[in-house]
Amino acid sequence: MTKQFSRRNFLSASSKAGLTAVLVGAAPTVLVGQGASPDGKPALLGGTPMVRFSSSSWPLLQGDEEKNVLGILKAGQWFRGYRNEGMVADFEKEFAAMFGAKACVATCNGTGALIAALSALDTGPGDEVITTPWTFIATINSIIAHFALPMPLDVDIDTFQLNGKLADAACTENTRCLLPVHIGGVPANMDDFVAVGKKRNIRVIEDACQAHLGQWKGKKLGTLGDAGCFSFQVSKNLPSGEGGAVLTNDEEFAERIYRCHNNCTGRKTNALDGSYAMTRAFNFRMAEFPAAVLRAQLKHIEKFAAIREENGRYLNKLLSEIPGVHPAKIDEGGTMSGWHLYMFRIDPAQFGINRELFIRAFQAERMGIGAGYRAVDWVDVVRRSYDTPAGRRVFPKATLDQWAERVGPLPQYKILGAQGVWFTQNVLIGPKTNMDIIADAVRRIQKNAAEIAKV
Ligand SMILES: *Cc1c(COP(=O)(O)O)cnc(C)c1O
């Protein structure tokens, strides 16, 4: 996970270790166990590391990328153009079909997908958008880009997702949309958001940038609300370097999103047709090259998702048995998780040491892990963002004070910000025995927490 190894090094080292690993894709995720005893001393206290070496390359080449990219390069049609054919258009059809959505608009990245979707709803100065505080900053940025106010709901400490039970009370006449995020790929409770959206006639946009192929009650995440936004940035579960898309089942809404991402020009018109006074628009078009990579990758994402689902659920079970370790729970409605991040929480009172020390101890076992999103003071961020001439005109101090009061202290979010840890999705692609090694490492760190605390 931290060290990169070539396939050749991997093969020789793993055969020396007497282990066979399951090979998936061109460069598998590998953890080679040392044979160190799970009951032995943690590496941080001088024991033998649980892992001899680890490697987890990402992205994984699947085979057709080179042919597809060279085809575009030589053909000379490098942008999607005013046609409904080519790599981008074909990718849109294939992506929508795989996810069971009526329409797809590909974009240059996930942030652009979010900004275009919010723009298509006429989101503007003074509007409020309900979302989660525990997210990648792009979610919040897409709201601020419209001079709107994020209204963060506190998180559900079990699932790590925004708490849908708080959504209704957070709505006001200024609420433009609900923007639930499936952070880490774990499904947010879509029943809650769809119900509030219906009751109040407010649109629901899902930030599914980390949630490819996750499901809520059998439906793919990103297709349960009015639109779902995806990212294909290289770390994501469907990578193309940079890229994004919006899915929707509403063809008219799709056309509005298309115009917002294409400088007002619709999909069906071949040039500016004069009807562009609809809303603010941008150029967030996807170029043909990332689409060429995406079409090659798309054919393989379902099999990786199935492996992550099996390993992730198994690891959830193993880690839940360790005192003070709380993996992000998948709600009963979450028929499949998106597994972009494998997330859990270290409760120092039960575990014996805090997150920072746990990370040090885990890394000493030669596996990669990192702290989750720290708790950010979003009220302060927003106040500073709107401390400009325009910001002060749109949001007088009293307005921001009232909003800050409604945001409140977000206590569960602060706990998660202090206790959350994760590793990346590629660690879940590999043999099931890797999950045992990870759980063994966590277990022996916990058993020796009192000693580690003295380090
Ligand atoms: C990655 C991500 C985005 C933004 O996507 P980009 O393609 O990086 O612009 C938005 N929201 C979440 C939750 C993300 O993880």
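Atoms within a ligand are numbered from 1 in the order they appear, just like the ligands themselves. Keep in mind that this is a model prediction, so the values were computed, not measured.
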>> Can you see whether Tyr386 has Arg393 sitting over its ring - NZ or CZ less than 6.0 Å from the centre and within 45° of the normal?
In response: no
> Are the aromatic rings of Phe304 and Trp339 close, with centres under 6.0 Å apart?
Replying inline: no
>> I'd like to know whether CD of Gln350 has more than 12 heavy-atom contacts from other residues, nucleotides or ligands below 6.0 angstrom.
In response: yes
> Any idea which protein heavy atom is nearest atom 11 (N) of ligand 1, and the distance to it?
Replying inline: Asp207 OD2, 2.8 Å
> Quick one: which ligand 1 atoms are inside 4.0 Å of a heavy atom on Asn109?
Replying inline: 7 (O), 9 (O)
> Among Ile183, Leu341, Thr111, which one has a heavy atom closest to atom 4 (C) of ligand 1?
Replying inline: Thr111
> Is Lys236 in contact with ligand 1, taking contact as a heavy-atom separation below 4.0 Å?
Replying inline: yes
> Judging by distance only, is a nitrogen or oxygen of Gln210 under 3.5 angstrom from one on ligand 1?
Replying inline: yes
> Of all the atoms in ligand 1, which lie at a distance below 4.0 Å from a heavy atom belonging to Ala138?
Replying inline: 3 (C), 4 (C), 10 (C)
>> Angle between ring planes, His261 versus Tyr258, binned at 30° and 60°: parallel, tilted or perpendicular?
In response: perpendicular
>> Within ligand 1, which atoms have a heavy atom of Thr135 less than 4.0 Å away?
In response: 13 (C)
> Do any nitrogen or oxygen atoms of Gly110 come within less than 3.5 Å of a nitrogen or oxygen of ligand 1?
Replying inline: yes
> Can you tell me if Asn426 and Thr424 form a side-chain donor-acceptor pair at under 3.5 Å?
Replying inline: yes
> So, is Gln233 polar-close to ligand 1, with some N/O to N/O distance under 3.5 Å?
Replying inline: no
> Is Cys229 in contact with ligand 1, taking contact as a heavy-atom separation below 4.0 Å?
Replying inline: no
> Parallel under 30°, tilted from 30 to 60°, perpendicular over 60°: which one fits the rings of Tyr342 and Phe423?
Replying inline: parallel
> Does NZ or CZ of Lys236 come closer than 6.0 Å to the centre of the six-membered ring of Phe230, within 45° of the ring's axis?
Replying inline: no
>> Under a plain distance cut-off of 3.5 Å, with no hydrogens placed, do Asp331 and Thr159 share a side-chain donor-acceptor pair?
In response: no
> Can you list the ligand 1 atoms lying under 4.0 Å from a non-hydrogen atom of Gly243?
Replying inline: 7 (O)
